[in-house]
Structure formats: structure tokens, C-alpha cells
Number of protein chains: 2
Amino acid sequence: MPDQTLALDIDSLEGPLGQRVYTALRNKILDMTFEPGMVLRKGALCEHLGVSRSPVAEALGRLSSDGLVDIIPQSATRVSQFSVSELREESFLREAVEVAAVAKVAKERTEEQLTKLTRNLRLQGLLIDDQDYQGFFEADVDFHHMILEFTGYPKVVLAAGQMSLQLRRARMLLLPEPGRPADAMADHHAILNAINVQDPDAARAAMSAHLRQLIKRIIPLERQHPTYFRHV
Amino acid sequence: MPDQTLALDIDSLEGPLGQRVYTALRNKILDMTFEPGMVLRKGALCEHLGVSRSPVAEALGRLSSDGLVDIIPQSATRVSQFSVSELREESFLREAVEVAAVAKVAKERTEEQLTKLTRNLRLQGLLIDDQDYQGFFEADVDFHHMILEFTGYPKVVLAAGQMSLQLRRARMLLLPEPGRPADAMADHHAILNAINVQDPDAARAAMSAHLRQLIKRIIPLERQHPTYFRHV
DNA sequence: AAGCGTAAACTAACATGCCACTTAAAGGAC
DNA sequence: GTCCTTTAAGTGGCATGTTAGTTTACGCTT
């Protein structure tokens, strides 16, 4: 397939060029369109996007500090591969932050926040009934996002997203398993219940147990997609 | 004082120019040599450092994504000011990560790790006896750093440092208080004791209580240094 | 004297040229 | 056929020219 253009990076975004290039590349990497290990040729990117090397270099630099790209000094730059240890670390960090967040939300939750979470959980049930697993996935993401938001700490939301980028990317490789959405929803129910009765410790425990399911399912991916992983 | 050269940024560092400029500026900002609100003139920096605009622009870009400088789009770039809400958020994040870290360490600590922490705590006592508060400050930082390291998660150490940069900077404004080092050491003793007896919950509680002291002391700084704070 | 409009000075952002270094493949020697 | 050498392509890093936008300050008008 000599057509390596792999879908067009559109400049329908807004902001400075460097920002737009960064966002476009980031999205492609996070949704696994750009596969781990793929070489990013700077010249080709410049030509394909119709911009000069400056914004591309800036974007690649930021992606590098995000850990999404490995820059080999005078040689090449490629989409970073997964490493099990790195995914474990991100899982640890994500759990630390989300557990602390849910505890705070459980303590201070308002009725409105409770209503929104309850509504989301009911939606999850409907989507499972309809077997709309893509929709459930999005509702799942929303559920966690709402809890982070309800801390009232906008920077916490950003930090949580930033510190688990590899995890987010690896999650795209997970295949749908039969009973999984229902199990996840049961976890969510336990979390919401703890928030409802304002029991921070129960919320912590429920969130912790829930998040540990993800890394357990991600670890075996190394055997299924060996080329996506770095075997150090 | 027209001598705005404010101490020379030395190129005694190693690595690429951009990295050196970044590190030099970062250090100056973190140790409060460059005060919050100060305008960073790119041209002056280039001339003073004897480098071109490229590495300086790269360094400022990285500092901007670190939140240490504010770049006003086609106008100027200045050292970022503190904001109480931002400091609260960083304190929350730091507590989330360090509490999770100390719980893990308490569960899995080795004898060697215990020995190193114990040795550090004894050093803290000696430094307090000698009234070497600068030395105590460094031992304090080491103590927390060691706990993060002992998780075995190198990325956690980096993330913890990266997410509390403003906190680290604001801490420089704190004036030495008479009984404070002794109190801090008592907290450290409680933390170490929980690690010793491998009680994760006690370690969590002790670390949490300890870290909440810092933000309590930082909040009042807004009244003492109003020009350093952003009053949104 | 006060208010307004204009122009000059500064900036960030982007484009481009250059160089030193790494890498890999092509070609020659054995 | 194998090994070594060399050469060409690609890259990161730095310098510099150009452009567009913002701010400031000066001077003109009223």
C-alpha cells in the first residue's frame, strides 16, 4: 500500500500551527492510527501538511515529552512502543489520582452532581441492553471524567489525562469481552453508591478495585501484539 | 538598579543548547531569582546567553507547558504568578500520589530501604540539633524523594515532581518558624514507623496529615506577597 | 488640557538555510 | 560469497530572515 498518507491531517482545528499539528498527530497516535513503532518522517509530514519544519518540530518535541514519540537523536523519530512497566506505572498514578478524587467527591458531592452521575449510570444500563458497546465505552469515559470534574479542580482533570496517555492508547487494543460491560457497570454502581451515602473509604475501595481491572486486562496484550511492545 | 542581568546563566551544564537554556531558566524561576510577574525579554536573553532565538524559544515553550511562564500570544512572556486555587490543586495531586506511594512502600519495603530511611531520619535529628535548617530542608526533600523512589516506579518520581512545580516554588517564600522542623520530623517519624510495621493505612494517614501542613502554611503567603499572586 | 488616532517598537510565530552526526545501503576488495 | 569501505540520505540542532499582530507612546486635533 504505497499510499502512506494514512488519512489526512486536517487543519480544521484552531490556534497556532504548532498547536494544530500537535493535536492532529496526538489524536492519530492515541487512536492507534499511527501504530507503535511507526517511523515519522519529518520531511513527509511537512510536505503532507503544507507547513514548514518549525511547527512540526515543536509538535514532535511536545509529543516526545508526553512519551508518545521516541526521538532518536540524529537518526529518526518513531511512535513510541508500549512497555508493561510503563503501563503499570501509569495505572498506579491514575489510581492514585482517581481514588483521591472520588474520596473528595464522596465527601462533598452536591445533589446536582449525584443526579448527573445517576443519569449517566442509567444510560450505561440502557446501552448495555441495546448492546451498544461503543456507546457504553463513551459513557464509561464520561463517568470517570465527571468524577474528576466534580472535585472542582480543573488542573486535576488535565493531569489525570496527561499521566495516563499510554494507558488510554493501549486500551484501544482491548477486544470486547462478553460480560465485561456489565461487570464494569456493577463497579460503577458500587462507586456511585458510596458517593451517594458519602462514604469516602468505600468510594476509595470501590474505585481502586474497579481501576485494577483495566491493567489486568492490558498486561496480556503483550502476547497478542508483540510488535507493539518494547521488550526491555 | 539597571543591572538586570540578575546573575549569569552559566553554560557549564551539558546537553543540547535548548536543554541547557531550559534548565538554567527553570532553576532561576524555581528558586525565585526570577520573580513571578517578571517579563522575560527574548531578545535580551539571547544576547545575554550568546545564543540565537531557537533554543530560547524552545526553552520558553517547555516552561510554558510546565506552567512556569505565561506566554501572551503576540505580546510578551512573563514568569507566571501564583494562584491560590492552583496551589490547592497541586497540593491535592501531590498528596494523592505521595499517599499512594507511601502505602505501596509500607507494604513492600525491604530492609535496605528501611535502613536508608532510618538513617535519613537520624540525620534530620542531628541537623535540627545543629540548627542547620538549610540542611534539614534538603534532608526533608530527600526523605520524600526516597519514598517515591522506593515504589520502584521511576516515572512516578518524575510525575510527582512535575505536578507540584508551583508548590515547590512557593515553598521558597516560607519563613523559618521556630518549632516547625521538629514538628515535621515528628511527622516523618510517624510515617517511618508505619512503614516499619508495614501498616499501609497508618502510612497513608500519616503522610496525608504531614502534607496538609504545607498548603496551610502557603495560603497566607498571598497576604504577605500580593504582587506574586494572581487575584482572579 | 484632554481625547483620539496614528505610527513606531516590540513581540511571537513561521519559514528557511546550514551543519554535524548517525545510519544504512551500495559497491568494491578479497 | 563475505567483509570492509564509502557514500548518500535522513535527521536533530542552531541561526537567521520574514511576517503579522499587539502594545505603547507620541503628536495632532478639538
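Residue numbering restarts at 1 for every chain, and letters A, B, ... go by the order of the sequence lines.
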What does nucleotides 19-26 of chain C look like as a protein-contact string, B for base, S for sugar-phosphate only, - for none, at under 4.0 angstrom between heavy atoms? --BSS---
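Residue pairs satisfying the salt bridge (charged side-chain N to carboxylate O under 4.0 Å, His left out) criterion with at least one member in residues 143-165 of chain A, sequence neighbours excluded, are listed as follows: A:Lys155-B:Glu86, A:Lys155-B:Glu90. For residues 158-168 of chain A, there are no salt bridge (charged side-chain N to carboxylate O under 4.0 Å, His left out) pairs, not counting sequence neighbours. Here salt bridge (charged side-chain N to carboxylate O under 4.0 Å, His left out) pairs that include residues 137-146 of chain A, with residues two or more places apart or in two chains, number zero.
Computed from coordinates, the B:Arg53 CZ to C:dT11 P distance equals 11 Å when rounded to whole Å.
The side chain of A:Ser52 contributes an N or O atom lying less than 4.0 Å from OP1 or OP2 of C:dA15.
Taking only distance into account, the side chain of A:Ser54 meets the base of C:dA15 through a donor-acceptor pair shorter than 3.5 Å.
In this structure A:Glu89 satisfies the salt bridge (Lys or Arg N to Asp or Glu O under 4.0 Å) test with no other residue, sequence neighbours excluded. Under the rule for a ring-ring contact (aromatic ring centres under 6.0 Å, His included), the partners of A:Phe82 that lie at least two apart in sequence or sit in another chain are A:Phe229. Remark: A:Phe92 engages B:Tyr153 in a ring-ring contact (aromatic ring centres under 6.0 Å, His included) (not counting sequence neighbours). Listed by chain and residue number, A:Tyr228 satisfy the ring-ring contact (aromatic ring centres under 6.0 Å, His included) test with A:His225 (two or more places apart in sequence, or in another chain).
From the 5' end on, the contacts that DNA chain D makes with chain A at under 4.0 Å to a non-hydrogen atom open and close at D:dG10 to D:dG13.
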